[in-house]
Amino acid sequence: MTRLSPLSVPYRAVQRSASVAFALAFFAFTGGTAFGGVLGGLGAVALVGVAVLGIAGYEIAYFRRFEYELTPDTLDIRSGVFSRRNREIPYRRIQNVDISRNVAQRLVGIAAVNLETAGGGETEGSLRFVSYEEARRIQSEVARLKRGGKDGDAPEPEQELLFELTPRELAIVGALSFDLRLPGLVFVFGSTAFPIVASYVDVPLPTGSAAAAGVGIVALVLLVTLVSWAAGFASAVVNYYGFRLTRVGDELQYERGLLQRYNGSIPLDKLQTLTVEDNPLKRRFGYATLLVETAGYAPGSDGTNGSGRASRGSEAAIPLATRDRVLGLVSDLEGVEMPTFEGPPTRIRRRYAVRYSLVLGAATLALYGANRFLPQEIPWFVPLALVPVAVVAGALQWRHRGYALAEDHFVTRNGFWKRETRVVPYYRVQTVIERRTIFQRRWRVSTVTADTAGSISLVGGDATAVDIEVADAAELRETLNGRLREALSARREARRQSRQAALGIRAAEPDRDADASDSGAVTDTESGVSETPAFVEEAEPTTAENEDEGEGGGEDEGENESEPEIEDEDEGEREGEEDEDEGESEETEVEQEADDPFIWGASAESGDDESDDDGR
């Protein structure tokens, strides 16, 4: 068993005792003297010392009772001072091994190692803290053991640098980033500071109340925009300083961060969704961002990834690059080109324009009502001037929405201010949901969602075809269900053939006659394995189960007719032992065709019209 770094003891002790010492010191020199004069203050100081010594003692005990070990199959962690906890984390369940170091940890030479598993809402295992060299060794050893490596001297897979963020590109990332988390704070600050600043600045302002209110609103909007841009610039630089993306075998490894340095891995076989993200500024200059989503818990999930969005299982594979370069990486990772999208019906443009106009009308009524109770007159009619803008916004939203059925992927596009193009492999789909709100029923449209196992899906990050015709939605739902079953069946067949090839077994061919099959059952003296063992049966060619699966159905039928389906008596048992696709629940989803109205495309109706919109 291996222990943590000895330097973790003083670091953790200082980290834990700082807040306690500050609180007790504050009490000692303020309220503490009220209970005994100078003696009360000295007593509080002594209490601070006792607390610090107690924390130091606890950290020493924590260090002595924390052990971990890399076994051939699991990472074992034993921890706990008062309550012991033993954990065995199988390598095949580990999604990411992430290393993080802040400035103080880099000075000391230690790092935190976080182990993320599929579908987890928090870190499964954490080593706080080990030396940086040990952290990199753990990361590489886990990756090697996940690949089934046994020999410690086996050569490491080749590293291929996919992307490196130059200083110029980092500056562009910051210039095109906005952090919209601060408008409320800026509003409070601006509403308080504006009268004070105005009293010191000799700027002639209009004397009319309506004109003065208009100038104040414009100044506040400019202040919010400026501060949001400055915050976005700083956040992007801090998060993406020194960004590098490397392909190592079957993993993507990245490094990023200025104050908090991250070294993480993204297993390629755990990718759930690829998202190409842009905004009007990025589109104007030909740039885009690529986000990858896994089923695990992304590093730094208590913060953001620099783009103003919570991590929630999503990590930036490319924070900013030319759009062609981003789409090229999408093609390399998933083998899909951007298709031609099928958008909502033309009449939906009126729906979006009416929706935005109703929002402006509500704002106008609110200002008019406030004008009745406030002493100063408010220009309540200003929102009405934005009605033409609402019409244009509705047309832009309609134009940038759509979906497409590629050969192996479901692709959707939504949003104008933050446009997101999501690419989901069919075999990653967990459920297919069709829903109609009360407003959508009036317009005779539906929304179809392809849910995946990614944790971001819990907050509305799925691939969604919004506002499509009811008949098209039903057909899309059935097509997605059929292609999901076909994709899962093809992957199981590929895994089975791979296992047979590893054992030296040749699968039965449908065009062989019985005599040929019998004559082929000859034991290979070199491998010691029969070419036609008992658990491999010949099967007749199968026909396609779904003849009307929409787009691409003819090709799928032809493939199913020409390829045999080999039955395997022990498949269920061996599939349980093979966990190559954690977080997917493939077999469970295929068998789950029952009565749940949200499973396999049954319609669901909701009264919330905003669920299908991304705020764009």
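Predicted model only: the values in this text are computed from it and were never measured. Atoms considered below: every heavy atom in the structure, side chains included; atoms not considered: hydrogens, waters and symmetry mates.
A distance of 6.0 Å separates CD of Gln105 from CD of Gln260, quoted to the nearest 0.5 Å. Going from atom CD of Gln430 over to atom CG of Asp462 covers 10.5 Å, rounded to the nearest 0.5 Å. With values rounded to the nearest 0.5 angstrom, Tyr254 atom OH is found 8.5 Å from Phe243 atom CZ. Rounded to the nearest 0.5 Å, atoms OG1 (Thr431) and CG (Asp451) are 4.0 Å apart. Remark: Arg422 CZ to His409 NE2 distance equals 15.0 Å, nearest 0.5 Å. The OH atom of Tyr262 lies 13.0 Å from the CG atom of Asn96; values are rounded to the nearest 0.5 Å.
Nearest heavy-atom pair across Thr421 and Met338 is CG2-SD, 3.8 Å. Residues Pro267 and Lys146 come closest through the heavy atom pair CG-NZ, 3.8 Å. Of all heavy-atom pairs between Leu488 and Tyr427, the closest is CD2-O, 3.7 Å. A pairwise comparison of heavy atoms in Arg106 and Leu259 identifies NH1-O, 3.4 Å as the closest pair. For the residue pair Arg325 and Leu162, the shortest heavy atom distance occurs at NH2-O, 3.8 Å. Of all non-hydrogen atoms in Arg435 and Gln440, the two that sit nearest each other are O-OE1, 3.6 Å.
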Practice item. Using the side-chain contact (heavy atoms from CB on, under 4.5 Å) rule, take Val411 and Tyr403 through it: C-alpha gap first, then chi angles, then the decisive distance, then the call. Key: CA-CA 6 Å; Val411 187; Tyr403 72 94; over 6 Å; no
Exercise for review: Would you please test Asn114 and Ser126 for side-chain hydrogen bond (donor to acceptor under 3.5 Å, both in side chains) and show each step?
Suggested key: CA-CA 5 Å; Asn114 296 321; Ser126 181; 3.2 Å; yes
Review point. Yes or no on side-chain contact (heavy atoms from CB on, under 4.5 Å) for Trp443 and Ile348, after CA distance, side-chain angles and deciding distance?
Key: CA-CA 8 Å; Trp443 291 88; Ile348 298 302; 4.3 Å; yes
Check your understanding: Do Val448 and Ile433 pass the side-chain contact (heavy atoms from CB on, under 4.5 Å) test, and can you show the C-alpha distance, the side-chain angles, and the key distance before you say yes or no?
Key -> CA-CA 6 Å; Val448 177; Ile433 305 171; over 6 Å; no
Check your understanding: Between Val432 and Thr449, does a side-chain contact (heavy atoms from CB on, under 4.5 Å) hold up when you go through it step by step?
Key -> CA-CA 6 Å; Val432 181; Thr449 300; over 6 Å; no
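Residues Leu252 and Leu333 are in side-chain contact: their nearest non-hydrogen atoms beyond the backbone lie under 4.5 Å apart. Residues Thr273 and Arg428 have side chains not in contact (no heavy-atom distance under 4.5 Å, counting atoms from C-beta outward). A heavy-atom distance below 4.5 Å is not found between the side chains of Val445 and Val470. Between Phe439 and Arg355 the shortest side-chain heavy-atom distance does not fall below 4.5 Å. For the pair Val389 and Leu386, the minimum side-chain heavy-atom distance is below 4.5 Å. Between Val113 and Asp98, the closest side-chain pair of non-hydrogen atoms is not below 4.5 Å. The side-chain heavy atoms of Arg247 and Glu251, taken from C-beta on, include no pair separated by under 4.5 Å. The closest side-chain heavy-atom distance from Glu420 to Lys418 is below 4.5 Å.
Looking at Asn102, its side chain does come within 3.5 Å of a backbone N or O of Ala104 through a donor-acceptor pair. Here the side chain of Thr289 pairs a donor or acceptor atom with the backbone of Pro319 at under 3.5 angstrom. The main-chain N or O of Thr464 is found under 3.5 Å from a side-chain atom of Asn414 such that the two form a donor-acceptor pair. The closest donor-acceptor contact from the side chain of Ser235 to the backbone of Ala231 lies at 3.5 Å or more, if one exists at all. Between the side chain of Glu475 and the main chain of Asp472, no donor-acceptor pair closer than 3.5 Å is present. With hydrogens and angles ignored, the 3.5 Å screen pairs a side-chain donor or acceptor of Trp398 with a backbone N or O of Pro345. Checking side-chain atoms of Asn371 against main-chain N and O of Leu367 turns up no donor-acceptor pair under 3.5 Å. The closest donor-acceptor contact from the side chain of Arg349 to the backbone of Gly394 lies at 3.5 Å or more, if one exists at all.
Note: Phe233 and Trp229 have tilted aromatic rings, judged against thresholds of 30 and 60 degrees for the angle between ring planes. Between Tyr368 and Trp380, the ring planes lie perpendicular to each other; the angle is over 60°, past the 30° to 60° tilted range.
For the residue pair Glu337 and Ser331, a side-chain donor N or O sits within less than 3.5 Å of a side-chain acceptor on the partner. For the 3.5 Å distance criterion, the side chains of Tyr287 and Asn279 fail to qualify, holding no donor opposite an acceptor. For the residue pair Glu434 and Thr447, no side-chain donor N or O sits within less than 3.5 Å of a side-chain acceptor on the partner. A donor-acceptor contact under 3.5 angstrom links the side chains of Tyr352 and Asp467, judged on distance only. With 3.5 Å as the limit, one finds a donor-acceptor pair spanning the side chains of Tyr356 and Gln397.
By the 4.0 Å N-to-carboxylate-O rule, Glu342 lies too far from Arg401 to be salt-bridged with it. Ion pairing between a basic and an acidic side chain is recognised when a charged N comes within 4.0 Å of a carboxylate O; Glu255 and Arg261 show such pairing.
Applying the side chain to side chain donor-acceptor pair (under 3.5 Å) criterion to Glu169, with sequence neighbours excluded, gives Thr166. The side chain to side chain donor-acceptor pair (under 3.5 Å) search around Ser265 returns none, not counting sequence neighbours.
Asn263 pairs in a side-chain contact (heavy atoms from CB on, under 4.5 Å) with only one of the listed residues (Arg256, Gln253, Arg136, Arg244), which is Arg136.
For Arg283, the CZ atom sits in a packed shell: over 12 heavy atoms of surrounding residues, nucleotides or ligands are nearer than 6.0 Å.
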